[in-house]
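Note that these values count all heavy atoms, side chains included, but never hydrogens, waters or copies made by symmetry.
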Amino acid sequence: MASLKEIKVRINSIKSTRKTTSAMKLVASAKLRKAQGVFGNMRPYSVALHHVMEALLSSEFSSSLCDVRPVENVAIVALSSDGSLCGAFNSNIIRETQKKLEQYRHLPKENVRIYTIGKKVYDALHKKGFAITKNFVNLAGKPDYNTVAELADSLITQFEKKEIDRVEILYHHFKSAGVQKLLNESILPLVLPEPASNVNTDYILEPSREELLNVLIPKSIRLQLYTSLLDSSCSEHAARMIAMQIATDNADNLVNELTIIYNKTRQQVITNELLDIVGGQQKR
């Protein structure tokens with residue numbers, strides 16, 4: 001049985017750890033609220049642009065970004081966090097990215113281009129021996145539209161030049177503070193919506209439909225990448241907040257258990273001392 005001093009040291013150590021996890025939970029909660037605000041402000045614009053695209057696109061529309069080709073070259077964009085202590089957030093992305101790369105193992109390595117946003121997924125894939133086409137440093141912690149737009153434009157250019165035939169993105173979708181869903185979406189080629197018979201699309205457009213779509217489609221792809229990054233950022237902070245809450249609760253439970261053990265041990269020591277005193281007096 002551990003001595004009273006050892007138990008007391010453990011209790012103080014766990015209490016110190018609890019202060020750290022509790023503080024990290026509060027920080028993650030504050031960052032989550034901020035990230036949700038940014039994502040919430042972006043959402044109405046994203047929804048409005050999506051409706052415009054749905055109205056303008058049709059099966060008759062022709063664009064190089066809609067070309068469905070046999071996949072001989074592919075680009076994969078994986079989003080993780082820069083830091084740890086966020087539960088299974090990073091391990092899920094790493095595992096799903098490795099599964100995706102396994103699906104394309106029949107392709108030559110140089111035909112699979114990997115773009116990573118987040119230090120954790122980059123370190124894991126690099127350690128496994130995968131060649132990373134480009135890693136974006138500090139972008140996961142501080143989402144920047146201009147940097148994401150450059151990546152989107154680069155992917156669009158490569159697709160138009162037929163250097164890549166498909167672009168996929170893997171990230172966590174924020175559903176609630178307790179639920180983050182791992183998604184694997186295709187960005188390119190662009191999938192045209194099915195024509196709806198009850199929707200009036202007989203609009204008079206200025207400039208022409210083709211000119212509008214040539215501007216809106218790249219903008220939509222940039223926005224899709226950026227909103228995915230914001231979504232992933234919200235999910236990261238939510239996952240860290242929940243992980244730190246669980247760690248704090250576990251620390252509380254452990255302190256309670258050790259306190260009970262400490263009190264029982266202390267009572268046993270007192271009882272033994274009393275028995276020794278009584279035994280000594282009886283001998284006299």
Side-chain angles (χ1 to χ4, degrees), residues 35 65 69-174 180-190 218 220-237 239-240:
L65 298 179
R69 305 187 291 263
V71 180
E72 297 179 357
N73 298 274
V74 64
I76 297 173
V77 184
L79 279 63
S80 74
S81 70
D82 290 326
S84 55
L85 299 177
C86 46
F89 179 83
N90 290 313
S91 58
N92 287 340
I93 279 290
I94 293 168
R95 182 170 57 252
E96 192 65 24
T97 304
Q98 289 176 344
K99 287 182 180 179
K100 180 58 61 176
L101 292 172
E102 187 70 15
Q103 294 179 10
Y104 292 113
R105 64 178 179 177
H106 62 282
L107 298 177
K109 290 184 177 181
E110 60 272 13
N111 290 19
V112 180
R113 306 184 183 189
I114 306 173
Y115 296 86
T116 56
I117 299 177
K119 185 175 183 297
K120 292 300 178 180
V121 67
Y122 169 78
D123 289 344
L125 296 179
H126 183 71
K127 189 175 181 180
K128 290 286 186 179
F130 293 103
I132 309 300
T133 304
K134 188 171 183 179
N135 176 51
F136 294 86
V137 181
N138 299 327
L139 187 59
K142 297 180 180 179
D144 177 65
Y145 176 78
N146 293 328
T147 304
V148 174
E150 290 178 3
L151 171 60
D153 290 341
S154 173
L155 294 172
I156 291 172
T157 301
Q158 293 178 66
F159 187 85
E160 289 178 330
K161 292 181 178 179
K162 298 184 179 181
E163 295 176 358
I164 53 178
D165 304 306
R166 187 176 179 85
V167 179
E168 297 187 36
I169 181 170
L170 294 92
Y171 69 99
H172 279 92
H173 168 57
F174 177 83
Q180 299 86 43
K181 184 179 180 181
L182 186 59
L183 296 182
N184 176 16
E185 296 180 344
S186 175
I187 298 178
L188 291 170
L190 185 68
S220 175
I221 295 173
R222 296 186 200 108
L223 186 62
Q224 184 178 356
L225 269 177
Y226 183 59
T227 52
S228 298
L229 180 57
L230 294 179
D231 213 351
S232 177
S233 179
C234 287
S235 299
E236 175 197 346
H237 297 315
R240 183 172 289 107

Looking at R166 and E72, would you say the former's side chain and the latter's main chain have a donor-acceptor pair under 3.5 Å? no

Heavy-atom distance under 4.5 Å between the side chains of I221 and V167, does that happen here? no

So OG1 of T116 and CZ of F130: to nearest 0.5 Å the spacing works out to 12.5 Å

Where the side chain of N90 meets the backbone of S80, is there a donor-acceptor pair that is under 3.5 Å apart?
-> no

Taken to the nearest 0.5 Å, the spacing of H173 NE2 from E185 CD works out to 9.0 Å

Separation between CG (L151) and CG (L139), nearest 0.5 Å, reads 8.5 Å

Closest non-hydrogen atoms of A75 and L155, given as atom of the first, atom of the second and distance, are CB-CD2, 4.0 Å

Sequence neighbours excluded, the answer for salt bridge (charged side-chain N to carboxylate O under 4.0 Å, His left out) partners of E96 is none

Just do the side-chain contact (heavy atoms from CB on, under 4.5 Å) check on K119 and V137 with the steps written out, would you?
CA-CA 7 Å; K119 185 175 183 297; V137 181; over 6 Å; no

Using only atom types and a distance under 3.5 Å, with no angle test, would you say the side chain of S235 pairs donor to acceptor with the backbone of F174?
yes

Margin query: Evaluate L188 against L65 for side-chain contact (heavy atoms from CB on, under 4.5 Å), listing each step before the verdict.
Written below: CA-CA 7 Å; L188 291 170; L65 298 179; 4.2 Å; yes

Going by the angle between their ring planes, with limits at 30° and 60°, are Y104 and H106 parallel, tilted or perpendicular?
-> tilted

Apply side-chain contact (heavy atoms from CB on, under 4.5 Å) to Y171 and S233, showing your working. CA-CA 10 Å; Y171 69 99; S233 179; over 6 Å; no

When rounded to the nearest 0.5 Å, the distance separating CG of D82 from OH of Y122 is 13.0 Å

By ring pair (Phe, Tyr, Trp, His ring centres under 6.0 Å), H237 pairs with (sequence neighbours left out) none

- Item | Close side-chain approach of L101 to I114, heavy-atom, < 4.5 Å | yes

**Prompt:** Charged N to carboxylate O below 4.0 Å: is that the case for E102 and R105?
**Reply:** yes

Does the side chain of L182 reach to within under 4.5 Å of the side chain of N184, using non-hydrogen atoms? no

Exercise for review: Find out whether D144 and N138 are in side-chain contact, i.e. whether some heavy atom of one side chain is under 4.5 Å from a heavy atom of the other.
Suggested key: no

To the nearest 0.5 Å, atom NZ of K134 lies from atom CD of E150 at 7.0 Å

Closest non-hydrogen contact found for I94 with V121 is CG1-CA, 4.0 Å

Under a plain distance cut-off of 3.5 Å, with no hydrogens placed, do Q158 and S154 share a side-chain donor-acceptor pair? yes

* Asked: With no hydrogens and no angle check, is any side-chain donor or acceptor of S228 less than 3.5 Å from a backbone partner on Q224?
  -> yes

Contacts of T133 meeting side chain to side chain contact (heavy atoms under 4.5 Å, CB included) (sequence neighbours excluded), chain-then-number -> R113, Y115

Looking only at heavy atoms, the pair that brings P143 and L230 closest together is CB-CD2, 3.8 Å

For I132 and N135, the nearest pair of non-hydrogen atoms, with its separation, is CG2-N, 4.2 Å

G83 and C86 have their tightest heavy-atom pair at O-SG, 4.1 Å

Q | Student check: side-chain heavy atoms of I93 and T97 closer than 4.5 Å | A | yes

Original post:
With no hydrogens and no angle check, is any side-chain donor or acceptor of R69 less than 3.5 Å from a backbone partner on I164?
Top reply: yes

Set out, in order, the CA-CA distance, both residues' side-chain angles and the distance that settles side-chain contact (heavy atoms from CB on, under 4.5 Å) for E163 and N73, then state yes or no. CA-CA 7 Å; E163 295 176 358; N73 298 274; over 6 Å; no

### Query
Under a 4.5 Å cut-off applied to non-hydrogen side-chain atoms, are R95 and N92 in contact?
yes

Between the OG atom in S81 and the CD1 atom in I117, the distance rounded to the nearest 0.5 Å is 12.5 Å

What one should report as the nearest heavy-atom pair of L229 and A140 is CD1-CA, 4.3 Å

